[in-house]
Protein chains: 2
Amino acid sequence: MSESKKRYTIKDIAEQSGVSLSTVSLVLNDNPRISQATRARVLKTIERLGYQPNRMARALAWRHTRTLAVLVPQLRHAFADVYFGEIVSGIYDRASRLGYKILLEVARNEFIESKEYLQLYDQKFIDGIMFIGANSRHRFIAELADGTRPFMLVNNYTKEFDLNYVVSNYRYGGWQAAKHLVRLGHQRIGFISGGVAEIQTSQDILESFKEVLDESGIAYDPKLIVDGWLTEEGGMKAAEELLRQNPDVTAIFALNDKMALGAMKKMNELGLRVPQDVAVVGFDDIPQASFAIPGLTTIHQPLYEIGKLACERMVELIHGKVSRVQEVIPIYLTVRESCGARLKEAAAAKTE
Amino acid sequence: MSESKKRYTIKDIAEQSGVSLSTVSLVLNDNPRISQATRARVLKTIERLGYQPNRMARALAWRHTRTLAVLVPQLRHAFADVYFGEIVSGIYDRASRLGYKILLEVARNEFIESKEYLQLYDQKFIDGIMFIGANSRHRFIAELADGTRPFMLVNNYTKEFDLNYVVSNYRYGGWQAAKHLVRLGHQRIGFISGGVAEIQTSQDILESFKEVLDESGIAYDPKLIVDGWLTEEGGMKAAEELLRQNPDVTAIFALNDKMALGAMKKMNELGLRVPQDVAVVGFDDIPQASFAIPGLTTIHQPLYEIGKLACERMVELIHGKVSRVQEVIPIYLTVRESCGARLKEAAAAKTE
DNA sequence: CCGCTTTATCAAAGCGATTTAACTATGGGA
DNA sequence: TCCCATAGTTAAATCGCTTTGATAAAGCGG
């Protein structure tokens, strides 16, 4: 065990440099009132002793911490989810570039009941919270709507409260996905929904689906909407029910990739071929989407980028450079094999 | 915008309760020297005013922060990986139970070069670091081996330095997987490796594989070992090469599930059936393993539990309750369909 | 009623920084 | 030569809480 080297304080630096304590502090904070000469001298002893300012002391004096909390809902194991993972990666990268640290938090009951979401601010532990995956059951966010405490919804929004957010254009995404199926000639399209009751963005996708039906003159049939609980297993069950009750279905639009993948698995079991018998389109473009057999046609969400952007805005919010952020990011369809569009193209090419 | 309520300090509480500042602090810290009566009185005004002690001020006085850093290597998008996700979930849950906060860090070049891993301690920003996914190229961990700063490897270890760790028994896991294939009668077993040069636990699996061959009297054939880079795509390529060069291979042991799944995908493409033509066994038991078709037989790693345990030990380390932690967790085979063991059982049952 | 414990409370000195008002040279203009 | 503005540095107050040694009050046996 090495001798535990003494930790230096600003006082040591002051003494060793032959200046006052405050001078050192001013150097540390790049204050222009310090001459280049003393500045250099102080910097040198800082370097020599390997001095590191105590972050807690600074935070205390500054009254902010340069730390952001990233809040995720309590799913089975929240952090294990690629969706969150991508966004968090984006947030992290931008945050560290800006000199911010990331604190992890999960919106468990305990977190909500003990009002941790306020405590974190009030204990001066963080400068802001970024909430990924909020839904309408998270009533507590109402308490963060007054703008007193920097708060933001990431890839999500709500019509109920006036909150800050950065979100994909789910409506446009949903519209593209549905339109893609309709263009390929599908008329009986099953829709695997999930979280529609509590997630605004889920609602948006469903609505855009209906919109496409409407503008295409296809009758909306509630029997074709089945809930898949946003999970793979749910997607399997939903597909089974959908196909059993409506054998005439030729395409399925799942509100997220997990369910789409589940549906594909079920069809495989049932001996149905994708896309020949049933076309499938998903939403999110998670890594497995491209890896599936056949590759899943889906709406690509630039989650990493969204995380970065949201973080950038959050810091601006904290610094008071902006007072509101409500940004909508465009997203686009990624065509793979699960809808047969490529097959058609190939066929078309052949007949030419 | 609501009126920004004044933040109370310990001084306000003292005045409002008619006691001294120190008394309030003693109450806050459950010091038995305070009588029940005053204690109750102080607690009441704390409650009434909704007072929250400033965490930075406490950290400054305490000289520790009750914050743990979780460090992950720089993969493409580190947090998007289920492997890390599960472990982080475990760490988070245990940490918050123990009153600790989790800070996220990525071992990027910048992080290493600027010696952030030391700064975090020296700036008194965290009490300890838990490193998930270290490998032998992370030379900097040598600087954390002196025990001066609480540090721990999670589900990983190294023979080079004397570090703290909590790790699965990879050798035993690998042994079981290989043994399973041999018991099912396989003699020509392909091994898809990955990270063997830099990851100790990868080496362990490979070695245990060789050990099984050895004790089973099967000749070790280097041609049957192919690198799959630990990724799905790599697994596909490895499987292709393996099967092309060695058509007599009847089973594949992949060092992780991602590669096993990739191999299965490739075999599907090649028209080979799993398990009838080639049996496959993986390692890790990621969610997709059970979801694959056929279900992947694999070694189950209780990642969430490992995270919890590691966190628990880390806190003990910080409190000086232990001075070294080097724990090895047993792990077991989970039999699904990819090796055909169930088929055999069923067949055996029929002939009875 | 007197010393002696025991118990409860408080004053004061930190923890390690920031920040502002005040002070000291220095140099230029009148 | 005197005055004043300017630049550079510092003293002192602050941030909000912990902790220890001192003090006061209360309890107790004789």
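Note on naming: letters A, B, ... go to the chains in the order of the sequence lines (proteins, then strands), and numbering restarts at 1 for each one.
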Exercise. With a 3.5 Å cut-off and just heavy-atom distances, do the side chain of A:Ser25 and the base of C:dA17 make a donor-acceptor pair?
Worked result: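 Answer is no: no donor-acceptor pair is held.
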
Exercise. Under the 3.5 Å rule, do the base of D:dG16 and the side chain of A:Arg58 count as making a donor-acceptor pair?
Worked result: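 Result: no qualifying N/O pair found.
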
Taking atom [atom2] of [N] as reference, at what distance in whole Å does atom [atom1] of [X] sit?
X	N	atom1	atom2	answer
A:Lys124	C:dA17	NZ	C1'	18 Å
A:Ile13	C:dT18	CD1	C1'	16 Å
B:Leu21	C:dG14	CG	P	17 Å
A:Trp62	C:dC15	CH2	P	20 Å
A:Lys11	D:dT10	NZ	P	16 Å
B:Ile46	D:dG16	CD1	P	16 Å
A:Arg33	D:dA7	CZ	P	11 Å
B:Asp122	C:dG16	CG	P	13 Å

Should [X] be listed as having a side-chain N or O under 4.0 Å from OP1 or OP2 of [N]?
X	N	value
B:Thr38	C:dT9	yes
A:Tyr8	C:dA17	no
A:Asn29	C:dT18	yes
B:Thr23	C:dC10	yes
A:Ser20	D:dT10	yes

For this session: By nearest nucleotide on DNA chain C, pick out whichever of B:Leu26 and A:Ile10 is the more 5' one.
Result: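 Upstream on the strand: B:Leu26.
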
Exercise. For DNA chain D, whose closest nucleotide is more 5', that of A:Pro32 or that of A:Ser22?
Worked result: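 So the residue in question is A:Pro32.
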
Exercise. Between A:Asp93 and B:Arg108, is any pair of side-chain heavy atoms under 4.5 Å apart?
Worked result: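 A:Asp93 reaches B:Arg108 side chain to side chain.
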
Exercise. Hey, are the side chains of B:Leu303 and B:Tyr83 touching, using non-hydrogen atoms and a 4.5 Å cut-off?
Worked result: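 Sidechains of B:Tyr83 and B:Leu303: in contact.
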
Exercise. Mind checking whether A:His64 and A:Trp62 have parallel, tilted or perpendicular rings, split at 30° and 60°?
Worked result: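 Ring orientation, 0 to 90° scale: parallel.
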
For this session: Would you mind checking if B:Glu312 and B:Lys321 are paired as a salt bridge, meaning a charged N to carboxylate O distance below 4.0 Å?
Result: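 B:Glu312 and B:Lys321: not salt-bridged.
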
Describe the nucleic acid contact of [X] in one word from base, sugar-phosphate, nothing, applying a heavy-atom distance below 4.0 Å.
X	value
A:Arg63	sugar-phosphate
A:Asn31	nothing
A:Ser35	sugar-phosphate
A:Val19	sugar-phosphate

Looking only at the side chain of [X] (C-beta and beyond, no hydrogens), which of the listed nucleotides [options] gets closest?
X	options	result
A:Ala61	C:dT18, D:dT19, D:dC17	C:dT18
B:Ala57	C:dC15, D:dC17, C:dT19	D:dC17
A:Pro53	C:dA17, D:dC17, D:dT20	C:dA17

Problem set entry | Residue of the set A:Asp127, A:Leu144, A:Ile318 for which side-chain contact (heavy atoms from CB on, under 4.5 Å) holds with A:Arg149 |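 Passing option: A:Leu144.
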
Problem set entry | Residue among B:Phe131, B:Phe161, B:Phe151 satisfying ring-ring contact (aromatic ring centres under 6.0 Å, His included) with B:His138 |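 Exactly one option meets the ring-ring contact (aromatic ring centres under 6.0 Å, His included) with B:His138, and it is B:Phe131.
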
